[in-house]
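Below you'll find the structure, written out as structure tokens, and then a few comments.
Heavy atoms only: backbone and side chains are in, while hydrogens, waters and symmetry mates are out. Each chain gets a letter, A, B and so on, in the order the sequences are listed, and its residues count up from 1. Fair warning: this is a prediction, and the values are worked out from it, not measured in the lab.
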Amino acid sequence: MMEYDFRKIEERWREQWKEKKVYKVNNPTAEQPAKPKFYVLDMFPYPSGAGLHVGHPLGYIASDIYSRFKRLKGFNVLHPMGFDSFGLPAEQYAIETGQHPATTTEKNIGTFKAQLDKIGFCYDWEREVRTSDASYYKWTQCLFLQLFNSYFCNTQKKARPISDLIRKYETQGTKHFTAAQWNGYTKKEQQEILMKRRLAFSSYGEVNWCEALGTVLANDEVVNGVSERGGHPVIKKKMRQWYLRITAYADRLLEGLEKVAFSESMKEMQRNWIGKSEGAELEFRLTPNPSPAGEGSKTPIQTANKDSWPILKDLSRENRKSNTLAEDILWQRLGGNQLDSKARRRHVIENFIIDFAFLNERLLIEVDGDYHNDEEQQSYDDSRSAYLNQIGYKVIRFRNREVEEDTDTVIAKIKEELKTRASLSLGRGVGGEAINVYTTRPDTIFGVDFLVLAPEHELVSKITTDDQRAKVEDYLTYVKSRSDRERMAEVKQITGCFTGAYAMNPFDGKQIPIWIAEYVLAGYGTGAIMAVPCGDQRDFAFANHFKIPITNIIGDFYNGEEANPTKDATLQNSGFLNGMLMKDAIGVAISKIEELGIGKRKVNYRMRDAGFSRQRYWGEPFPVIWEDGIAVPLNENELPLELPFVEKYGPGPEGEGPLANIEEWVNVSWEDFLRSTWVDLTEENAHLESVKRETSTMPGYAGSSWYFLRYMDPKNNETFCDRSASDYWNQVDVYIGGTEHAVGHLLYSRMWTKVMYDLNLIGFDEPFKRLVNQGMIQGSSRFVYRVAGTNKFVSYSLKNNYEVNDLHVDVNIVDGIELNVDSFRQWKSEYANAEFILEDGKYICGVETEKMSKRYFNTVDPVMLTDKYGADTFRMYEMFLGPVEQSKPWDTKGIEGVHRFLRKLWRLFFDELKGKIWNNDKATDAELKVLHKTIKKIESDTENFSFNTAVSAFMISVNELADLKCHKKEILEQLLTLLVPYAPHIAEELWHELGNEGTILDASYPVLEEKYLVETSKEYPISINGKLRTTISMDVNALQPEVEKIVLENDIVQKWLEGNRPKKIIFVKGKMVNVVL
RNA sequence: GCCCAUGUGGCGGAAUUGGUAGACGCAGCAGACUCAAAAUCUGCCGUUCGCAAGGGCGUGAAGGUUCGAUUCCUUUCGUGGGCACCA
């Protein structure tokens, strides 16, 4: 054979490899002791109906190259493949066509495998897993039961069997109940308490509910508040759901990132998702709402503590007779309504007698004698003020002397204070509800101008005043109609509604209006925020929009135009924090908050528990039976709980999943139930009709959270993965996949791994040692321009002369940017008579980069390319496109270059006319140098996933060997071993041509010998003032004095020196010389 | 709005820790072989001035550090991706 007939070669070797089970991977046994292992894993695909496009194999080729490389390096390599085959698209397709998801899934997997096979991957298909196979999801269900039967121990920070917790409750109780109480609870009460600790638990959560379709929709399926299909309204509805308590693992998921090799950006994404923040939770007391007009003025205001009132009343009357001079002076100026606000003298508030009180403004004035300088007295005064503050009053103190000597200033201060405190109407007594807010910036507490509650906040209806109720109701209706995605998408739109209620700032008693707004989310923190417009841009925009006055606490740092979230400002208008740097004030404020008992330091996570049930058919059924509101798990020996066959895939009653429609499946007979449960329920408790199976199914990520373990022991019927197998294969050494799974899948599988580790089911607590993210391959779309109303098509640069419509055209009938007009006429019947307005005799298409998708006609089928150029060319070309981790548009036109390279390689072995030309001659030093240079480069590039540069190194190597006319087995054999990870078929073929048996994968990787790379001289670049002017060849061992001499003698250097002496000469051995003038 | 990534010829991209910018490939041009085409081979190929020798300018833009910057720092602009408006 003289020609490179890749079709014949590739087909033959694929058959041989299969027949001889070349890719079979064995777990170590007693007879076959363990080699060092290496585990290379691809994210397994969802087998969609569309089949593979050229974007899919990118990561698979990279992992295949790496696997083969590691195998040649002497490792036992596990490199499996399988299918994530449960999911929504198959179910949608079933609803539309009536075909069972199992059937379409099976068919799609067949297509995927056929396509993958054409690329020549080294998967051991005997280890294939499919998440939708009962033999697989049996173990998914089993692991769910492990989660259900475990809790997170906050002391040991790990998962433990729930039986440990039950034992503790039975013997010790907790701070909430005693052991005796626990033992007295009903079974149901006990189960409800336990449910709050289980790692897989059931609770109520909001879902997108579409009444018209009678079904729950995914965020994807909701557009502008209506269902994507049919346009029916969608609202939020609370339903019973399963969750995984991933929040318990938040800290360990963060810490775990320190010990894995993920890219920094990937770790950053996970950190942001977990979103740990430190701050404080604190309480804003509500001020009672204004009394109806008239009533308030008639009813006497009772501010005193009822119990101590009789004593204090007399005391206060007594006191009024013995006033100080200062008090009298002040009373003359404040008495009655002189300051447009009623002042009271010697007024009792709670247990204190206050000198002067403005009750409407909740402002208290105290006038003190000199004995208040006493330290003990001061601390008493402070705590008294703090208490009064807390219940909503502001206290200002003056000294007697101050009042006597400068009455006007004192009065001015009081006036000022009355003005800044908005009029505050007071009902009966103080206290009542409080609003808990979470803030990361307690230092800005004096800049709070309003509070905002999430619309879903439980206090909203309670605090709304009658005047505002109608508006609030309207707003709530509006919010209910909006999906989470919309609330996120329309950032610019500011909406909100005033509740009519007020709270007071715990530090200065300032009255603060309470609003609701959709920008505050119920699920994060406490669902309520304190808004500081001068420091937070969203609060600022809100204040501006609703004309809420803004308090500036950061002086010049705030310009009135926009908020400034700095922590470097010095606080102003901030009471006891005045003059402090904000970053220092955070701690001070938290301490004060804790001291006053109005709040506490709080670590918060943005991450929420993961919703784990779907009201769908095509997923794992939950191994759970509901008995009178108690979730009773199946026993392990009853698994798998197989997904029953259904006729229709529509939703069940009340939005339940399709399974709810199968009565005989849902209703479990009492005998069967009793036989299966761990709960020793007695016949008396039985309510036969209420024993029903859970009808929702598990989400897509259930099966994918642990599949990497199943590959280690895929056929095991006793356990999900034998401990000896998971101990041997251990962590995935390299995991390859796209960034779209950065947070979802990767966090869930990390959590499951940690749970399994805690329960001692496996021996490691991070699943993936190293993660490589492949970039996305984008489509490169082509456009033609149809002149409006005609069947004429105008070439790209002439289109502006016409009124045209842009139309996507199939990339496969465009050569580069030139349209094949004949193919175009054949492409669709409507274009059969198309006419063209050409430029330079060609039709040039427009180009745009967008997502690769069938609807843009920009997908390229890998099979088309492997048929035309062969798998080896295709593999190398995908790698040659650019760095694996980088996103790039697909462009087929460069593939010829790679194909030429392989043909050129072939011609090192065969000549068209002479036939075989390889020989057994002894290699020259020059040839060995080429070889070892290549070994060095390929080895390090492969290890670093720099496959694009490796391909170019192969090209350079073959070019150089061709120039040297090297056809020597001694060189070529090793070159083939380097090449086999990249181009396995041609390498195997030529390796056998050289007389070898077996498979080249069992050959050993070439060993670099540095001696062939030693150079004696080096072409040094010579720069003058950093600009390259010439090069001079010098001995590699030459030292500075010698080099300087040679350089200064050089004609070109002398020309630039113009007779001057250089300032200095910089010489870096082996690198360069720079002459500084 | 926030977070991450990225910007180098006509194009994909290359350039150890700062040390010869544009490797390798595509496209293009010229030539050899051929009746012709394909295949293959040889040469040219950032831009600009120049007959040439040889210069000037060039890694999104503007500054800075340095003997020397695609690489480090500051500011700024563009593009792509992600997100749960995260208090």
*Nearest-nucleotide pick for A:K904, side chain only, options being B:C41, B:G25, B:U20*: B:C41
*asked:* Less than 4.0 angstrom between a side-chain N/O of A:K1018 and OP1 or OP2 of B:G19, yes or no?
replied: no
*asked:* What's the closest nucleotide to the side chain of A:Y524 if the choices are B:A87, B:G55, B:C41?
replied: B:A87
_I need the NZ-C1' distance between A:K267 and B:C3, as an integer number of Å._
17 Å
*Parallel under 30°, tilted from 30 to 60°, perpendicular over 60°: which one fits the rings of A:H899 and A:F6?*
perpendicular
_Does a side-chain N or O of A:N948 approach OP1 or OP2 of B:A14 to a distance below 4.0 Å, or not?_
yes
*asked:* Pairing check on B:G68: which nucleotide meets the Watson-Crick or G-U wobble criteria with it, both distances under 3.5 Å?
replied: none
*asked:* Can you check the distance between B:U47 and B:U42, where both ends of the measurement are the P atom (answer in whole Å)?
replied: 23 Å
*Give one of base, sugar-phosphate or nothing for A:W1056, where a contact means two heavy atoms less than 4.0 Å apart.*
sugar-phosphate
*If B:A30 has a Watson-Crick or G-U wobble mate with both distances under 3.5 Å, name it; if not, just say none.*
B:U42
*Integer angstrom distance from the C1' of B:U59 to that of B:A15*: 11 Å
*Quick one: label A:I956 by what it contacts on the DNA or RNA (base, sugar-phosphate, nothing), any heavy atom closer than 4.0 Å.*
sugar-phosphate
_Around atom NZ of A:K888, are there more than 12 heavy atoms from other residues, nucleotides or ligands closer than 6.0 Å?_
yes
*Euclidean distance for P, B:U8 against B:A62 (whole angstrom)*: 16 Å
*Which nucleotide in the list B:C41, B:C24, B:A87 gets nearest to the side chain of A:T439?*
B:A87
_For the P atoms, the ones on B:C86 and on B:C3, what distance do you get once it is rounded to whole angstrom?_
10 Å
*asked:* Rounding to an integer number of Å, can you tell me how far A:E878 CD sits from B:G12 C1'?
replied: 13 Å
*Of the nucleotides B:G56, B:C85, B:U20, which has the atom closest to the A:K1027 side chain?*
B:G56
*Within the structure, does a side-chain N or O atom of A:R271 lie under 4.0 Å from either OP1 or OP2 of B:C4?*
no
*With a 3.5 angstrom cut-off on both distances, give the Watson-Crick or G-U wobble partner of B:A37, or none if there isn't one.*
none
*Taking only the side-chain heavy atoms of A:N1074 (C-beta and beyond), determine which of B:U42, B:U20, B:G68 contains the nearest atom.*
B:G68
_At less than 4.0 Å, is any side-chain N or O atom of A:Q886 found next to OP1 or OP2 of B:A5? Yes or no._
no
_A:Y438, nearest nucleotide to its side chain (from B:A87, B:C41, B:G25)_ = B:A87
*Charged N-O contact under 4.0 Å between A:K583 and A:D443*: no
*Would you indicate what A:P889 reaches in the nucleic acid, counting non-hydrogen atoms under 4.0 angstrom: base, sugar-phosphate, or nothing?*
nothing
_Looking at A:R1029, I'd like to know whether one of its side-chain N or O atoms comes within less than 4.0 Å of OP1 or OP2 on B:G54._
no
_Distance-only side-chain donor-acceptor flag, A:S277 / A:N604, under 3.5 Å_ = no
_C1' atoms of B:G43 and B:G58, separation to the nearest Å_ = 26 Å
*What interatomic distance, in whole Å, is found between C1' of B:U17 and the corresponding atom of B:C24?*
24 Å
_Nearest to the A:T949 side chain among B:U20, B:G19, B:A15, which nucleotide is it?_
B:A15
*Rounded P spacing from B:U20 to B:U16 in Å*: 10 Å
_If you assign A:V1076 and A:D536 each to the RNA chain B nucleotide with the nearest heavy atom, which residue ends up on the more 5' nucleotide?_
A:V1076
*Return the nucleotide paired to B:G7: Watson-Crick means purine N1 to pyrimidine N3 with N6-O4 or O6-N4, wobble means G-U with N1-O2 and O6-N3, both under 3.5 Å.*
B:C77
*Base, sugar-phosphate, or nothing for A:K1055, non-hydrogen atoms under 4.0 angstrom?*
sugar-phosphate
_A:F446 and A:F507 aromatic ring geometry - parallel, tilted or perpendicular at 30°/60° bounds_ = tilted
*asked:* Whole angstroms only, please: what is the NZ-C1' distance between A:K888 and B:C11?
replied: 15 Å
_Nucleotide paired to B:U20 in any strand shown, Watson-Crick or G-U, under 3.5 Å_ = none
_Side chain of A:T440 only, heavy atoms from C-beta on: which candidate in B:C85, B:G19, B:A87 is closest?_
B:A87
_In this structure, is the centre-to-centre distance between the rings of A:F874 and A:Y877 below 6.0 Å?_
no
*Is the glycosidic angle of B:G9 within 90° of 0, making it syn, or outside that range, making it anti?*
syn
_A:M1034 CE - B:U20 C1' separation (whole Å)_ = 13 Å
*Provide, to the nearest angstrom, the distance between the CE atom belonging to A:M1072 and the C1' atom belonging to B:U16.*
16 Å
*Could you give the CD-to-C1' distance, from A:E1044 to B:C67, as a whole number of Å?*
13 Å
_With sequence neighbours excluded, residues passing ring-ring contact (aromatic ring centres under 6.0 Å, His included) with A:Y1020_ = A:F1067
*Among B:G19, B:A87, B:U40, find the nucleotide with the atom closest to the side chain of A:R903.*
B:U40
_By the 4.0 Å heavy-atom rule, please label A:D539 as base, sugar-phosphate, or nothing._
nothing
*B:C2 pairs with which nucleotide, Watson-Crick or G-U wobble, both distances below 3.5 Å?*
B:G82
*Do A:F947 and A:F945 have ring centres separated by under 6.0 Å?*
yes
_I'd like to know if A:K929 and A:E960 make a salt bridge, using a cut-off of under 4.0 Å between side-chain N and carboxylate O._
no
*asked:* Suppose you measure atom C1' in B:G80 against the same atom in B:A87; what distance do you get, rounded to whole Å?
replied: 30 Å
*Can you check the A:I1024 CD1 to B:G19 P distance for me, whole Å?*
20 Å
*Between A:G527 and A:M266, which is nearer to the 5' end of RNA chain B once each is assigned its nearest nucleotide?*
A:M266
*Measure from the side-chain heavy atoms of A:S277 and tell me the nearest of B:C26, B:A14, B:A87.*
B:A87
*Can you check the A:E943 CD to B:U16 C1' distance for me, whole Å?*
16 Å
